Amino acid sequence: DVYKRQVVAGALPHLLYNIKIDEESRERIEELRERVLGRTDLSLVFYFNHTNVMDPLLVGNIARRIETREDSQWIAPMSFHNTERRLKNITYLFMAGVVKACGIETPRVIQTYQVNNPKYGYTEMDSFKQNKKFVRRLRDLGKRETNKSVSMIISPEGTRTKGALDEGEKGGLVDGGSLLAPVLHIPIGIDFKGRQNENRWDFRRRVNIRLGEEFLQETRRPEDNQLEKLMVNLAQALPISRRGHYNNL
């Protein structure tokens, strides 16, 4: 699984994209790796702005440089809607299979914006029943019964945007992350150069990746306005044109 992750998250992104990481972010990656190695009890949440289908792969490229502990359990929730067995979802289903082959758990979740939305047809009860499986799994992992730390990759916006950061959804980032405490939240800003189209893969385009300020949560009780604080940290890792909802905060 470790070897597969090295190939998929390590080499593949550089073959598909022209990735640029500024010097400050490179230094922060080194600092975070040493910091994480010094705490076996610390779990990690890597969260990012979502504008492209392949964003999670780019995030994985950065995450694997920081999380080098071999016993960490990786988990990356995926959209329930995008992973229903339909022909139009074949790309997402293929990606889910690749991620699972790398030893990463992919629980399926229904996003907040899809509930009571005629386009998707999910009710609040549908969301509760489906998402409680994800919550239960995080709770079990948070108990550290296997003495493993957890590394989670998640998009707090819940869906791809046209390039500007949208308002974050509380559920997975704050509530989910709190179940893993002590946890370090690490924002990763992704900036594809040029006009963004959320339905394109944009292969071979230049993409700038920058780390924002991390946030350490020692207990399961989140701080007041924690979601806003985390999203502002992510916004500050992006150019002004991509900060969207958080541009003035």
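In this chain, numbering begins with 1 at the start of the sequence shown. Values in this document were obtained by computation on a predicted structure and should not be read as measured data.
- With no hydrogens or angles considered, no side-chain donor-acceptor pair links Thr51 and Thr161 at under 3.5 Å.
- Using a 4.5 Å cut-off between side-chain heavy atoms of Ile, Leu, Val, Met, Phe, Trp and Tyr, with links allowed through other members, Met78 and Met54 fall into different hydrophobic clusters.
- By the rule that hydrophobic residues join a cluster once side-chain heavy atoms approach within less than 4.5 Å of another member, Val183 and Leu234 end up as members of one cluster.
- Exactly one residue among Asn131, Ile154, Ile153 makes a side-chain contact (heavy atoms from CB on, under 4.5 Å) with Pro77. That residue is Ile154.
- Listed here is the closest heavy atom pair of Glu67 and Ser72: OE2-OG, 3.3 Å.
- The stretch residues 23-46 participates, sequence neighbours left out, in no ring pair (Phe, Tyr, Trp, His ring centres under 6.0 Å) pair at all.
- Val109 is not connected to Tyr113 by any chain of hydrophobic side-chain contacts under 4.5 Å among Ile, Leu, Val, Met, Phe, Trp and Tyr, and they are in different clusters.
- Between Asn247 and Ile240 the shortest side-chain heavy-atom distance falls below 4.5 Å.
- No more than 12 heavy-atom neighbours from other residues, nucleotides or ligands sit within 6.0 angstrom of CZ on Arg221.
- Remark: Glu70 does not engage Arg5 in a salt bridge, criterion side-chain N to carboxylate O under 4.0 Å.
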Taking distance alone, no hydrogens or angles, what donor-acceptor pairs closer than 3.5 Å link side-chain atoms of residues 206-215 to residues at least two apart or in another chain?
from, atom 1, to, atom 2, distance (Å)
Arg206, NE, Asn208, OD1, 3.0
Arg206, NH2, Asn208, OD1, 3.3
Arg210, NE, Asp22, OD2, 3.2
Arg210, NH1, Gln236, O, 3.0
Glu214, OE2, Arg35, NH1, 3.1

Q. Given Asn18 and Lys20, is the side-chain contact (heavy atoms from CB on, under 4.5 Å) satisfied, shown in steps?
A. CA-CA 7 Å; Asn18 180 15; Lys20 300 296 182 183; 3.4 Å; yes
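- Ile188 places none of its side-chain heavy atoms less than 4.5 Å from the side chain of Tyr47.
- A donor-acceptor contact closer than 3.5 angstrom is absent between the side chains of Thr159 and Gln111.
- Partners of Glu84 by side chain to side chain contact (heavy atoms under 4.5 Å, CB included), not counting sequence neighbours, listed by chain and number: Phe80, His81, Arg86, Asn89, Arg108, Tyr122.
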Q: With side-chain hydrogen bond (donor to acceptor under 3.5 Å, both in side chains) as the test, would you mind laying out the steps for Gln217 and Glu223 before giving the verdict?
A: CA-CA 8 Å; Gln217 182 179 346; Glu223 291 188 7; over 6 Å; no
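- The closest side-chain heavy-atom distance from Val135 to Leu179 is below 4.5 Å.
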Would you tabulate the side-chain donor-acceptor contacts of residues 91-107 under 3.5 Å, counting partners in other chains and residues two or more places apart, or write 'none'?
from, atom 1, to, atom 2, distance (Å)
Tyr92, OH, Arg160, NH1, 3.1
Tyr92, OH, Arg160, NH2, 3.3
Glu105, OE1, Arg137, NE, 2.9
Glu105, OE2, Gln73, NE2, 3.4
Glu105, OE2, Arg137, NE, 3.3
Glu105, OE2, Arg137, NH2, 2.5

Q | Chi angles and distances behind the side-chain contact (heavy atoms from CB on, under 4.5 Å) call for Arg204, Leu16 | A | CA-CA 5 Å; Arg204 299 312 307 160; Leu16 299 178; 5.5 Å; no
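- In the hydrophobic clustering of this structure, Leu32 groups with Leu216; members are Ile, Leu, Val, Met, Phe, Trp, Tyr whose side-chain heavy atoms approach within less than 4.5 Å, directly or through other members.
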Q: Show your reasoning for whether side-chain contact (heavy atoms from CB on, under 4.5 Å) applies to Gln114 and Ser127.
A: CA-CA 9 Å; Gln114 297 176 340; Ser127 176; over 6 Å; no
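- With sequence neighbours left out, Arg136 forms a side chain to side chain contact (heavy atoms under 4.5 Å, CB included) with Lys132, Asp140.
- Using a 4.5 Å heavy-atom threshold, the side chains of Glu167 and Met231 count as separate.
- Between Asn49 and Arg243 there is no side-chain heavy-atom pair separated by less than 4.5 Å.
- Counting heavy atoms from C-beta on, the side chains of Ile75 and Phe134 come closer than 4.5 Å.
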**Q.** side-chain contact (heavy atoms from CB on, under 4.5 Å) between Phe192 and Leu58, worked out
**A.** CA-CA 11 Å; Phe192 280 89; Leu58 297 172; 3.8 Å; yes
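- Among all heavy-atom pairs drawn from Val8 and Pro13, the shortest one is O-CD, 3.2 Å.
- The residues Arg69 and Asp71 are annotated as not salt-bridged, no charged nitrogen and carboxylate oxygen being separated by less than 4.0 angstrom.
- Between Leu44 and Leu180, the closest side-chain pair of non-hydrogen atoms is not below 4.5 Å.
- Taking a cutoff of 4.0 Å between a charged side-chain nitrogen and a carboxylate oxygen, Glu31 and Arg28 do not qualify as a salt bridge.
- Here ring pair (Phe, Tyr, Trp, His ring centres under 6.0 Å) pairs that include residues 230-249, with residues two or more places apart or in two chains, number zero.
- For the atom pair Leu173 CG and Ser178 OG, the distance stands at 9.0 Å (nearest 0.5 Å).
- Side-chain contact between Leu165 and Arg242 is absent, with no heavy atoms from C-beta onward closer than 4.5 Å.
- Atom CD of Glu124 has 12 or fewer heavy atoms from other residues, nucleotides or ligands within 6.0 Å.
- Enclosure of atom CD1 in Ile90 is not indicated, since only 12 or fewer non-hydrogen atoms of other residues, nucleotides or ligands lie within 6.0 angstrom.
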(Q) Assess the residue pair Ser43 and Ser149 against the criterion (side-chain hydrogen bond (donor to acceptor under 3.5 Å, both in side chains)); give the C-alpha distance rounded to whole Å, side-chain angles, the decisive distance to 0.1 Å, and a yes or no. (A) CA-CA 5 Å; Ser43 285; Ser149 58; 5.4 Å; no
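- In this structure, CG in Leu57 is found 10.0 Å from CG in Asn52, a value given to the nearest 0.5 Å.
- Placement of Leu227 and Val115 in two distinct hydrophobic clusters is found when ILVMFWY residues are connected by side-chain heavy-atom separations under 4.5 Å, directly or transitively.
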Q | From CA spacing to verdict: side-chain hydrogen bond (donor to acceptor under 3.5 Å, both in side chains), Asp126, Thr123 | A | CA-CA 5 Å; Asp126 292 332; Thr123 65; 3.1 Å; yes
